[in-house]
Amino acid sequence: MGVVDLFSKRQKKFRGEVSDVFTYDSIPRELRVQVIAILRDALGRGQAVRHEWPNTSLEVYTSIHNILCREYGSFELADGMDSYEKLMQFLLTVRDVERFLDAVEVSFRVIDKLLLIPDQGTFLGSRIGAKEAKEELNERFRWHGVGYQLVSGEVIRVDSQFLHSEAVKPTLALLQDRRYAGANAEFLKAFEHYRHGNTKECLNECLKAFESTMKIICEKRSWAFKPTDTAKALLDACYQNGLVPAPIQSHISSVRASLESGVPTIRNRLGGHGQGATVVELPPHYASYMLHLTATTIQFLIESEKALG
């Protein structure tokens, strides 16, 4: 069935209802139910469609259930009449996030393996293929702000804990100052676009947040600039007024190069101008890169402005 763009979802986007970047320590009930729905569409509903076929739907769920039980040293995952019900109940109720992700990972490895077999999907009662199942799973994770994705058969963190705790969260805290309200809103919009796979829009909002931060610093310090100045002109104004301490100018030269050719140029070349007759597809890792580069850059600029006294 895939992901449907409901009215309520669009309204949440419009109102800017965004969580604090990604969460890693809880799985919303709605996401659990959606994962179960994906498994049912891919592997059937636990019925023995053809007993003579070696991989009936119930036998597949029994295999997944038994793999997890063996690794956990347990006889069963949860209460239920059969392995299918026990696995579904486990996905719905288990509190340990890592064990929930274990079940997701094992289940999707089975999906990958079985649905390559000719006619296997028919005997299982499958409604979707392996590729569609994985795409929907990852989209559901993004929508709920849960920081995991299924990549090459393994569940991985979308952002490392270091980047999450040392770059993104401190930047959001700094942007809570009312003077940075515009930059804060733009940075949150960039993250929202990333969560929903809108990579080009994410690049545009990253640039806006970056430029807004520098404009606010220039206003606070009464440094000359034009409201229409682009990132490069704003960077020049900040550097000319000693925003970066002189003793470390040589070490910061690479940072400036990253600012000028990283945030502005990638956006200008890929996301901010007409793409012509050929549609330019931007992979999600561009958005991840831009979010973290923008976060660390904004944090650096604000802290440097505070250090000026």
Asker: Centres of the F210 and F187 rings: under 6.0 Å?
Answerer: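 Between F210 and F187, the centre distance exceeds or equals 6.0 Å.
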
Asker: Which atoms form the tightest heavy-atom contact between S26 and V146, and what is the distance?
Answerer: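 Minimum heavy-atom separation between S26 and V146: O-CG2, 4.2 Å.
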
Asker: Apply side-chain contact (heavy atoms from CB on, under 4.5 Å) to the pair Y84 and V60, showing each step before the final yes or no.
Answerer: CA-CA 9 Å; Y84 165 76; V60 171; over 6 Å; no

Asker: Search all heavy atoms of R221 against all heavy atoms of L308 and return the closest pair with its distance.
Answerer: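 In terms of heavy atoms, the two residues are closest at NH2-CB, 3.5 Å.
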
Asker: Of all the heavy-atom pairs spanning A209 and A183, show the shortest one and how long it is.
Answerer: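 So the two residues come closest at CB-O, 3.7 Å.
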
Asker: Any chance you could lay out the salt bridge (charged side-chain N to carboxylate O under 4.0 Å, His left out) test for E219 and K215, step after step, and finish with the verdict?
Answerer: CA-CA 6 Å; E219 287 178 355; K215 287 180 180 179; over 6 Å; no

Asker: Does a salt bridge link E205 with K208, judged by any charged N lying under 4.0 Å from a carboxylate O?
Answerer: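 Here E205 pairs with K208 in a salt bridge, since their nearest N and O are under 4.0 Å apart.
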
Asker: With rounding to the nearest 0.5 Å, note down the distance linking CG in L77 to CD in E85.
Answerer: 13.0 Å

Asker: Does D96, at its CG atom, have more than 12 non-hydrogen atoms belonging to other residues, nucleotides or ligands within less than 6.0 Å?
Answerer: yes

Asker: Please determine whether side-chain contact (heavy atoms from CB on, under 4.5 Å) holds for the pair V35 and I27, giving the CA-CA distance in whole Å, both sets of side-chain angles, and the decisive distance to 0.1 Å.
Answerer: CA-CA 11 Å; V35 168; I27 305 295; over 6 Å; no

Asker: Q149 and side chain to side chain donor-acceptor pair (under 3.5 Å): which single residue from E154, E139, R142, K134 fits?
Answerer: R142

Asker: I need the R95 CZ to D25 CG distance, nearest 0.5 Å.
Answerer: 13.5 Å

Asker: For A78 and K86, work out which heavy atoms get closest and say how close.
Answerer: O-CG, 3.1 Å

Asker: Just say parallel, tilted or perpendicular for the rings of F90 and Y72, cut-offs at 30° and 60°.
Answerer: tilted

Asker: Would R40 and Y61 count as having a side-chain donor-acceptor pair, cut-off 3.5 Å?
Answerer: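 Side chains of R40 and Y61: no pair found under 3.5 Å.
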
Asker: With no hydrogens and no angle check, is any side-chain donor or acceptor of S63 less than 3.5 Å from a backbone partner on E59?
Answerer: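 Flag not set: sc S63 to bb E59 has no pair under 3.5 Å.
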
Asker: Could you tell me whether the side chain of S57 and the main chain of L43 form a donor-acceptor pair under 3.5 Å?
Answerer: yes

Asker: Go through D79 and Q89 one step at a time and tell me if the side-chain contact (heavy atoms from CB on, under 4.5 Å) criterion holds.
Answerer: CA-CA 7 Å; D79 294 332; Q89 188 65 19; 5.5 Å; no

Asker: Could you give the distance from CD (Q299) to OG (S304), rounded to the nearest 0.5 Å?
Answerer: 10.0 Å

Asker: Under the criterion side chain to side chain contact (heavy atoms under 4.5 Å, CB included), which of I111, L31, V104, V155 is the partner of L137?
Answerer: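 Going through the options one by one, the only one that passes is V104.
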
Asker: Atom SG of C69 and atom CD1 of I64: how far apart are they, to the nearest 0.5 Å?
Answerer: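 Nearest 0.5 Å value for the SG-CD1 distance: 12.0 Å.
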
Asker: Does K226 NZ have over 12 foreign heavy atoms under 6.0 Å away?
Answerer: no

Asker: Can you tell me how far apart CG (D82) and OG1 (T62) are? Round to the nearest 0.5 Å.
Answerer: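 Spacing of CG (D82) from OG1 (T62) equals 7.0 Å.
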
Asker: Can a donor-acceptor pair be found, under 3.5 Å and without considering hydrogens, that links the side chain of R32 to the backbone of F100?
Answerer: no

Asker: Which atom names give the shortest non-hydrogen contact between I302 and I217, and what distance separates them?
Answerer: N-CD1, 4.3 Å

Asker: Would E211 and L234 count as a side-chain contact (heavy atoms from CB on, under 4.5 Å) here? Give the steps.
Answerer: CA-CA 7 Å; E211 291 178 341; L234 291 166; 4.0 Å; yes

Asker: Rounded to the nearest 0.5 Å, what separates atom NZ in K220 from atom CG in D177?
Answerer: 6.0 Å

Asker: Compare every heavy atom of I38 with every heavy atom of I128, then report the nearest pair and how far apart it is.
Answerer: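 Where I128 meets I38 most closely, the heavy atoms are CD1-O, 4.0 Å.
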
